[in-house]
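Report on the structure given below.
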Amino acid sequence: MSERRAVVIGASVAGLLAARVLADSFDRVVLVERDDSPGTGWRRGAPQSRHLHGLMERGRQIMEELYPGLTGQLAAAGAPTTEVLRESRWYLSGLRVHPASTGLTTLLASRPMLEGAIRERTVRLPGVHLLTGRTATGLVTAEHEAPAGAAGGGRPGRITGVRLALPTAGQGRTGPVDPDSGGEDVLRADLVVDATGRASRAPDWLVALGHERPAEERVDVDLGYASRTYRRRPGHLDGDLAVVVSTMPGWRGGGAITLEGDRWHVTLAGMLGDHPPTDHAGFEAFAATLPVSDVHDIVRDAEPLDDPVPHRFRGSLRRRYDRIAAPPAGFAVLGDAVSSFNPLYAQGMTVAAQQALVLRDRLRADGADGLDPARFHREVAAVVDVAWQMSTGSDLRYPGVVGPRTPRSRLVSAYAARAQVAAHRDPAVARTFMRVANLTLPPTALLAPPTLLRVLRSGAHPAPTRGDRSDV
Ligand SMILES: Cc1cc2nc3c(=O)[nH]c(=O)nc-3n(C[C@H](O)[C@H](O)[C@H](O)COP(=O)(O)OP(=O)(O)OC[C@H]3O[C@@H](n4cnc5c(N)ncnc54)[C@H](O)[C@@H]3O)c2cc1C
């Protein structure tokens, strides 16, 4: 029997989690990554890593299931852990969420530390090979060089491999390398997984082979981030480990979380073009305009360890592979390549983890040779739906946000605004709200009768303490 091989394009969080589950079903899993050497610090292929990255509880649980002991491993390596809402302050619309007990864990590892740990555990698995410094440039079909369907006039064929640009001078490989791949520009595969992130070229690659392009949905928020790290002193925030201040149009926000190595990671954020500056004085002045003073208190007092770096996020983007009439066999897409969410809701890594479980369960049901692409993408879409409705539903509350509004989304937005006020006053609502936000409970939990009553009784939003400062 010939060796069964999967190729994953992109070795960031989604690609690594995909490789982890594929290793259970395939003899060989080759991860193709454009970055030369992912290393343990910031890297070019994942520029978002320089900005605050919260891991939601559902994501942590799944990673713990896939890599037993991961939380303890990261804690032992210096990542602070605490309970959500304990030793951490959450402000929504300028109101502090009640510091209730939630039973949810916050793992405050930096994004490079988290990614580095799952990479190290993934490439250690038997049969997994990481090929670095190689860029995928296209897909191939059974017909290989000729566009599928062109030769025989039939339906576009099964995806059977990946084209790689030949390595340029200076590009190298690190980690265990697939011995079959040297010098070739086509990597054969029984299953190709695209995990190349938001800028995925897979839609073009599919069209070039005669397949249908997935439709796209967008909700534009024009969000700007600027981030910087600082030396942490124990007295900051009275010893608390994290503060998160929600960002909305007209309300600047951001957060500060403690990282391994006694550092603060501070991110400032503004929507609809109101972006934080990256010069020292401008960064501090922007922090002073948040509706609460906690982040500014740190920025004013702590020693900066680097310069602020910007990131612009234009909007949430979803590719509807689930709506392609005849999706190609041998091909699956996950992570930001299928759904890229407004990062303010910190959903991306958790949804990638949920999608990895879909892949695992589909492979268990269909077998490595028979993954049903239509069913896979429908199940991925069901996972995306929940997070998408939560985050875009919240964003669409604001008139400047561009995207499709429905009567249902208007109702959900109005209710969510009221639930935020209730979460400030009522520990039971705070607990449910945080569990929903952490994707451990479905949003319908906020509509269960006792919670519904508490939310409806909570009243409207009171005047914020520091007011809308974004015009300062
Ligand atoms: C500013 C910002 C803040 C965020 N904050 C959070 C947060 O707080 N919490 C959270 O859960 N999520 C957050 N996210 C989302 C999170 O970063 C992603 O969801 C997560 O990284 C999973 O993405 P991915 O692995 O699909 O893609 P990416 O992380 O974008 O990785 C894609 C990988 O593919 C490689 N690649 C690309 N093209 C090719 C090619 N042709 N050939 C080979 N390799 C290729 C890249 O080098 C890269 O390694 C944030 C995102 C942004 C932009």
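Every value quoted in this text rests on a predicted model; they were computed, and no experiment measured them. All ligand and atom numbering here is 1-based and tracks the order in the structure. For this chain, numbers begin at 1 and follow the sequence in order.
With Phe313 as the aromatic partner, Arg198 meets the cation-pi criteria of under 6.0 angstrom to the ring centre and within 45 degrees of the ring axis.
Every salt bridge (charged side-chain N to carboxylate O under 4.0 Å, His left out) that Glu65 has, sequence neighbours left out, goes to Arg360.
For Tyr225 and His311, the distance between ring centers is not under 6.0 angstrom.
Using a 4.0 Å heavy-atom criterion, the residues that approach ligand 1 are Ile9, Gly10, Ser12, Val13, Ala14, Val32, Glu33, Arg34, Arg43, Gly45, Gln48, Leu52, His53, Gly54, Arg111, Arg134, Thr135, Ala136, Ala195, Thr196, Gly197, Tyr225, His311, Gly335, Asp336, Pro343, Ala346, Gln347, Gly348, Met349.
Salt bridge present: Arg252 and Asp274 bring a charged side-chain N and a carboxylate O closer than 4.0 Å. No salt bridge links Asp27 with Arg5; every basic N to acidic carboxylate O contact stays at or beyond 4.0 Å.
Remark: side-chain polar atoms of Glu87 are not paired, donor with acceptor, to backbone N or O of Leu241 under 3.5 angstrom.
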